Q: 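The following block contains the structure, expressed as structure tokens.
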There are 2 protein chains.
Amino acid sequence: MEGKIAAMTQLDLVDDTPQVPPRLGRKRDHTRDPEILDAALEVLAETGYDGMTIDMVAARAKAGKGTLYRRWASKGELVIDAIACMKKNDIDYSRLPDTGTLRGDLIAMIKPHSIEEAEKKLQIMAGLMSMLSRAPELAEAANAAIVEPRASVNRILMRRAVARGEISADCDIETLSLISPSMAAYRVLILRKPVDRKFLISLIDGVLLPAVGLHGQAAHSAE
Amino acid sequence: MEGKIAAMTQLDLVDDTPQVPPRLGRKRDHTRDPEILDAALEVLAETGYDGMTIDMVAARAKAGKGTLYRRWASKGELVIDAIACMKKNDIDYSRLPDTGTLRGDLIAMIKPHSIEEAEKKLQIMAGLMSMLSRAPELAEAANAAIVEPRASVNRILMRRAVARGEISADCDIETLSLISPSMAAYRVLILRKPVDRKFLISLIDGVLLPAVGLHGQAAHSAE
DNA sequence: TATATACGATACTATGTAGTTCCGGATCTT
DNA sequence: AAGATCCGGAACTACATAGTATCGTATATA
């Protein structure tokens, strides 16, 4: 302690020790972060925020409770961090489908993997739902990681369709881009029914495309 | 104790006391039930299932905790009962609007009171969300009281429109009747934005009517 | 190899809440 | 009016969990 102060007073003469002395022993690597954050997301999806305990997360990650609290100050901060880190596994906006038609693009977005991931995200959202109004930071993180990306893709695909002249520029893209996120969320969270490829296609052909002035491939064969 | 057994052994001889003796004093009226159930719904909407405590409900209803436990065996049963009792303040299906057009009927359903009530129901739903998968009884009650009535009205109005020949019988009424419940729920619970008359009308004109092959009064003036 | 540090495990403290019990007073029935 | 019962209130028990402290071990640096 005194040594450090003395070294600072005689300014850097022969003093080759850095201002912040080099750590000895093991680095503060926090190498368990990814496993812990993943475990937190799993438990969150299964039991919700209130049902989730720190012990569950620690056990799931085969980590000690101390390790969690050394890294995050509280349960709340761990959860916010876990949510925020989901964004990293997000959509690659530079590789969106480009089939030439809105319908083709929308259907190309339906992949088993994306359905599965969307469902897990919705389960997590369900577990946070009752907290959102009381924890604005959490609501912010959840919006950025779960809600916004889904709508964003739809907006991009629809704007492209407008640019191609495929659909009218009068379309309320803000609203229409939320049709399938809304109805899929309602179906999973409230109706508790599965969202599968067939359902998503029926949404595209039966709701979204008619709303933009196009027609799906099924039904409404008139005109 | 022994006296009762003795009386039973010598079978009913001079025994003029009825099998179920008439109650003296105050009846078991449970007259506080409505206030308690209302208080439970309020707290539920404000804090969610896990945040809700029995003390909060008792205090809100100016009731004693004992009164609650004398009537309901547990917090869970109180909540289920409170949800179930919402159905009583429900829509009067015999007085649905009948304006002659689907659009007219749908818009006639939009009343400040109904918007307000729907929003409260959604807040309650948000508070229950994470419990639904673990408590099937609760999910059942919530579905019957909150989810089903909204969709039901839309189904009835749309079936009438089919019967009038206003819209095609090919319409997927099951899905289309969920458009506005889904998108309103998403907007309130996930986007945390208000649902007002303007939004609901834009849903009718911009999504629902086009999907059934009609057109709203705004935009898409083509044809 | 020696040392400092992070780690998993476990025991511990503090706190909040479900559910119980009891009491004095209010209220209904006879 | 008398008696039985319900009510609001408050104290109490039992338990779960957030967060802290400690210990022996593993591991990366030097």
Side-chain angles (χ1 to χ4, degrees), chain A residues 1 3-4 16-18 20-37 39-40 43-44 46-82 127 130-131 134-135 138, chain B residues 16-18 20-40 43-44 46-82 127 130-131 134-135 138:
Chain A
M1 199 58 154
K4 188 180 170 188
D16 58 345
T17 64
V20 175
R23 289 190 168 285
L24 297 184
R26 192 175 184 175
K27 263 190 288 192
R28 194 176 288 269
D29 50 7
H30 292 309
T31 184
R32 301 301 315 281
D33 279 18
E35 289 93 327
I36 294 172
L37 292 171
V43 176
L44 212 48
E46 288 167 20
T47 72
Y49 182 90
D50 293 290
M52 161 181 157
T53 70
I54 297 293
D55 291 277
M56 284 184 199
V57 177
R60 179 81 55 118
K62 294 197 210 310
K65 238 162 69 152
T67 305
L68 273 72
Y69 279 103
R70 220 174 289 123
R71 176 76 175 76
W72 294 279
S74 68
K75 175 181 170 181
E77 293 192 18
L78 167 62
V79 169
I80 288 178
D81 213 21
S130 63
M131 304 290 300
R134 275 163 290 160
L138 183 62
Chain B
D16 57 345
T17 63
V20 175
R23 287 189 168 286
L24 295 185
R26 193 177 185 172
K27 259 189 290 190
R28 193 176 290 268
D29 49 8
H30 292 308
T31 183
R32 300 301 316 281
D33 279 18
E35 289 94 327
I36 294 172
L37 293 171
D38 281 352
V43 176
L44 211 49
E46 288 167 19
T47 72
Y49 182 90
D50 293 289
M52 161 181 156
T53 70
I54 296 292
D55 291 276
M56 285 183 200
V57 177
R60 181 81 55 118
K62 294 197 209 309
K65 238 160 72 151
T67 306
L68 272 71
Y69 279 103
R70 217 174 290 124
R71 176 74 176 78
W72 295 278
S74 68
K75 175 180 169 180
E77 292 192 18
L78 167 62
V79 169
I80 288 178
D81 213 21
S130 63
M131 303 292 300
R134 275 163 290 159
L138 184 61

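Predicted model, so just to flag it, every value in this text is computed and none were measured. Order of the sequence lines sets the chain letters (A, B, ...), proteins ahead of strands, with each chain counted from 1.
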Q: Sequence neighbours left out, what passes side chain to side chain contact (heavy atoms under 4.5 Å, CB included) with B/Ile54? Give chain and number order.
A: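 Applying side chain to side chain contact (heavy atoms under 4.5 Å, CB included) to B/Ile54 gives B/Lys65, B/Leu68, B/Tyr69, B/Lys75, B/Leu78.
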Q: Do nucleotides 9-24 of chain D as a string where each nucleotide becomes B, S or -: B if the base has a protein heavy atom under 4.0 Å, S if just the sugar-phosphate does, - if no protein is that close.
A: B-------SSBB----
Q: Who pairs with A/Asp33 by salt bridge (charged side-chain N to carboxylate O under 4.0 Å, His left out), at least two apart in sequence or on another chain?
A: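 Checked A/Asp33 against salt bridge (charged side-chain N to carboxylate O under 4.0 Å, His left out); matches are A/Arg71.
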Q: When the C1' atoms of the five terminal pairs at each end define the local axes, what inter-axis angle does the helix from C/dT1-D/dA30 to C/dT30-D/dA1 show, to 10 degrees?
A: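 Nearest ten degrees gives 30° for this helix.
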Q: Tell me every residue that passes salt bridge (charged side-chain N to carboxylate O under 4.0 Å, His left out) with A/Arg60, counting only those two or more places apart in sequence or in another chain.
A: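 Salt bridge (charged side-chain N to carboxylate O under 4.0 Å, His left out) list for A/Arg60, sorted by chain: A/Glu42, A/Glu46.
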Q: Return the set of residues passing side chain to side chain contact (heavy atoms under 4.5 Å, CB included) with B/Thr47 (not counting sequence neighbours), or none when no residue passes.
A: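 Side chain to side chain contact (heavy atoms under 4.5 Å, CB included) list for B/Thr47, sorted by chain: B/Val43, B/Met52, B/Met56.
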Q: Sequence neighbours excluded, which residues qualify as side chain to side chain contact (heavy atoms under 4.5 Å, CB included) partners of B/Asp38?
A: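 Checked B/Asp38 against side chain to side chain contact (heavy atoms under 4.5 Å, CB included); zero matches.
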Q: CD of A/Glu35 versus C1' of C/dG8: gap in Å, rounded?
A: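 These atoms are roughly 13 Å apart.
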Q: Does B/Asp81 have any side-chain hydrogen bond (donor to acceptor under 3.5 Å, both in side chains) partners at least two apart in sequence or in another chain, and if so, which?
A: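 B/Trp72.
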Q: In whole angstroms, how far is the C1' atom of D/dT5 from the CZ atom of B/Arg71?
A: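 For the pair B/Arg71 CZ and D/dT5 C1', the rounded distance is 17 Å.
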Q: B/Glu35: what forms a salt bridge (charged side-chain N to carboxylate O under 4.0 Å, His left out) with it, not counting sequence neighbours?
A: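 For B/Glu35, the residues satisfying salt bridge (charged side-chain N to carboxylate O under 4.0 Å, His left out) (neighbours in sequence not counted) are B/Arg32.
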Q: Rounded to the nearest Å, what distance is computed from the CG atom of residue A/Leu68 to the P atom of nucleotide C/dT10?
A: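 Between P of C/dT10 and CG of A/Leu68: 16 Å.
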Q: If you measure from OG on A/Ser130 to CG on B/Leu44, what distance do you get to the nearest 0.5 Å?
A: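 Those atoms lie 9.5 Å apart.
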